[in-house]
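Quick notes on the structure that follows.
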Amino acid sequence: MVATAATSSFFPVTSSPDSSDSKNKKLGSGSTNLGGIKSKPSASSGSLQVKANAQAPPKINGTTVVTSPVEGFKNEDGAGSPHPRTFINQLPDWSMLLAAITTIFLAAEKQWMMLDWKPRRPDVLIDPFGIGRIVQDGLVFRQNFSIRSYEIGADRTASIETLMNHLQETAINHCKSAGLLGEGFGATPEMCKKNLIWVVTRMQVVFDRYPTWGDVVQVDTWVSASGKNGMRRDWLVSDSKTGEVLTRASSVWVMMNKLTRRLSKIPEEVRGEIEPYFMNSDPVVAEDSRKLVKLDKSMAEHVRKGLTPRWSDLDVNQHVNNVKYIGWILESAPLPVLETHELSSMTLEYRRECGRESILQSLTTVSDSSVGDLVNVGEIECQHLLQLEEGSEIVRGRTQWRPKYAKSFGNVGQIPAESA
């Protein structure tokens, strides 16, 4: 009230000159005292003056109602003067603003509830960037991947490199989720102490059906023992929506010293880390015991020379990623095969690694068929060799191809139900 009265002295009410004398007489001394602030009348006819309300405070039910001095100000016509303009009474009415905001939110909520909102595809709710989770008594790792537009090829299906990268990613994330990831990439803490890394020596992959753009695949992976100094890792890739098996893969890994680049036995300390995660199961892909043929230039029908690793082809262990080898092998596959057939399975044997300065060549021969008449040919088998230009073998391989759009009714793998 004091602040309001004080501001009224700066914003007085306009009065007519005819009533100035009478007002001065009523005020007594020619000035009005409002809480110690005096308002002096002006000598000019257009001066601004205020008049105090001399009436006694009103009573309601015997209780005196106190009003502010501003409420008692009246102009010469007897009507109440407008409230003086102050900072306080120029602020918005917060209660009305709050009511308006509440009304907007209630209306929006009602409108949202009226909409039957459902995604067209439930798989869009899956987080493709999730690291996955451990299932089946802590021995199987599961992760989902969404097939993106840049991961499909000319056939509108996921490329071989994309599917193989999914296998590699789940293997690494399996180690991480199990707490076996040391400072190295895919190496346990004890392996890091001894400068050991994992290298793949053999891999078999069966492609039952290729996913396409927008599909979400579920990848399950687990490990088992392979001989005395090896580890087998299996993968089972399926459609996350239907459960249909898409890809099956089995691989054998051994240890190599990162400094000497020589193979090593599994130390007991490392064995103690990894054996609790081994499953007692058969390979998800039946082993192809046929010997892989060693090709040479005289036997090879198709040769691609001058293949060199790029910086992006190296992994953190400073050797070429094994997925890159697969791409190099298919570089020499004849174009008619790629146009009319799709890869149904492959078997690879990794002989040695190559470095960033290596120059390689890819050799391929088509078995028992004429490349010129592949349109009417069913299954096709090819033999492959990736080697250095000076002759050292890098990878031997064998691939099977089926006519495009043909349905495969092969044996479908399953996740092992029991573990060691």
- Query: Could you state the interatomic distance from CZ (Arg133) to CZ (Arg142), rounded to the nearest 0.5 Å?
  - Reply: 5.5 Å
- Message: Whether the side chain of Ser159 engages the backbone of Ile152 through a donor-acceptor N/O pair (distance < 3.5 Å, no angle test) should be reported.
- Response: no
- Would you sort out whether Glu379 and Arg402 count as a salt bridge (Lys or Arg N to Asp or Glu O under 4.0 Å), showing the intermediate values? CA-CA 5 Å; Glu379 297 284 336; Arg402 60 173 174 257; over 6 Å; no
- Message: Just by distance, no angles: are the side chains of Asp234 and Ser250 close enough, under 3.5 Å, to form a donor-acceptor pair?
- Response: yes
- Any side-chain donor-acceptor pair under 3.5 Å between Gln387 and Glu389? no
- Query: Just wondering, do Ile394 and Arg352 contact through their side chains at under 4.5 Å, heavy atoms?
  - Reply: yes
- Main-chain N/O of Gly306 paired with Gln361 side-chain donor or acceptor, under 3.5 Å: no
- Report yes or no: does Thr308 contribute a side-chain atom to a donor-acceptor pair with the main-chain N or O of Ile359 at less than 3.5 Å? no
- Provide the closest heavy-atom pair for Gly327 versus Glu161 in the form atom of the first, atom of the second, distance. CA-OE2, 3.5 Å
- Message: So for atom CZ, which belongs to Arg310, do other residues, nucleotides or ligands contribute more than 12 heavy atoms lying within a distance under 6.0 Å?
- Response: no
- Name all residues meeting the side chain to side chain contact (heavy atoms under 4.5 Å, CB included) criterion together with Ile172; count only those two or more places apart in sequence or in a different chain, and write none if there are none. Phe185
- Message: Classify the ring geometry of His166 against Phe145: parallel below 30°, tilted from 30° to 60°, perpendicular beyond 60°.
- Response: parallel
- Query: Hey, which of Gln204, Gln400, Arg398 is the one that makes side-chain hydrogen bond (donor to acceptor under 3.5 Å, both in side chains) with Asp288?
  - Reply: Arg398
- Task: Identify the heavy atoms of Leu348 and Gly397 that sit nearest to each other, and give their distance.
- Result: CD2-CA, 3.9 Å
- Parallel, tilted or perpendicular: rings of Phe207 and Tyr210 (30°, 60°): parallel
- Message: Using a 3.5 Å distance criterion without hydrogens, assess whether the side chain of Glu393 forms a donor-acceptor pair with backbone atoms of Leu386.
- Response: no
- For the pair Thr212 (side chain) and Arg156 (backbone), establish whether a donor and an acceptor sit closer than 3.5 Å, ignoring hydrogens and angles. yes
- Query: Atom CG of Asn173 and atom CD of Gln168: how far apart are they, to the nearest 0.5 Å?
  - Reply: 10.5 Å
- Examine distances only and state if a side-chain atom of Trp235 and a backbone atom of Leu167 form a donor-acceptor pair shorter than 3.5 Å. yes
- Task: Report yes if some heavy atom in the side chain of Glu151 is under 4.5 Å from a heavy atom in the side chain of Asn165; otherwise report no.
- Result: no
- Quick check: does any side chain N or O of Asp137 sit under 3.5 Å from a backbone N or O of Leu139, one acting as donor and the other as acceptor? no
- Message: Contact between Lys194 and Pro267 at the side-chain level, heavy atoms closer than 4.5 Å - yes or no?
- Response: yes
- Query: Can any side-chain N or O of Lys404 pair as donor or acceptor with the backbone N or O of Leu338 at less than 3.5 Å?
  - Reply: yes
- Message: Please find the pair of heavy atoms, one from Lys294 and one from Met299, that lie closest to each other, and give the distance.
- Response: O-SD, 3.9 Å
- Nearest heavy-atom pair of Pro309 and Ser358: which atoms, and what distance? CD-O, 3.0 Å
- Point-to-point distance, once rounded to the nearest 0.5 Å, from CG of Leu295 to SG of Cys382: 10.5 Å
- Message: Against Met231, only a single residue in Val254, Ile266, Val252, Val223 fulfils side-chain contact (heavy atoms from CB on, under 4.5 Å); can you say which?
- Response: Val223
- Query: Within a reach of under 6.0 Å around CZ of Arg351, are more than 12 heavy atoms found that belong to other residues, nucleotides or ligands?
  - Reply: yes
- Message: Donor-acceptor pair, distance only, cut-off 3.5 Å: does the side chain of Thr340 make one with the backbone of Pro336?
- Response: yes
- Side-chain donor-acceptor contact under 3.5 Å, Thr157 with Asp155: no
- Side chain proximity check, Tyr350 to Asn322, heavy atoms < 4.5 angstrom: yes
- Message: Just to verify, what does Lys297 make a salt bridge (Lys or Arg N to Asp or Glu O under 4.0 Å) with, not counting sequence neighbours?
- Response: none
- Closest non-hydrogen atoms of Ile134 and Gly138, given as atom of the first, atom of the second and distance, are CG2-CA, 3.0 Å
- Item | Closest non-hydrogen atom pair, Ser281 against Trp222 | OG-NE1, 3.5 Å
- Judged by modelled atom types alone, do His384 and Thr364 share a side-chain donor-acceptor pair under 3.5 Å? yes
- Ser177 side chain to His174 backbone, donor-acceptor under 3.5 Å: no
- Note on the structure: In this structure, CZ of Arg304 is separated from CD1 of Ile329 (nearest 0.5 Å) by 14.0 Å
- Message: Quick check for you: to the nearest 0.5 Å, what is the distance between Lys305 atom NZ and Ser362 atom OG?
- Response: 12.5 Å
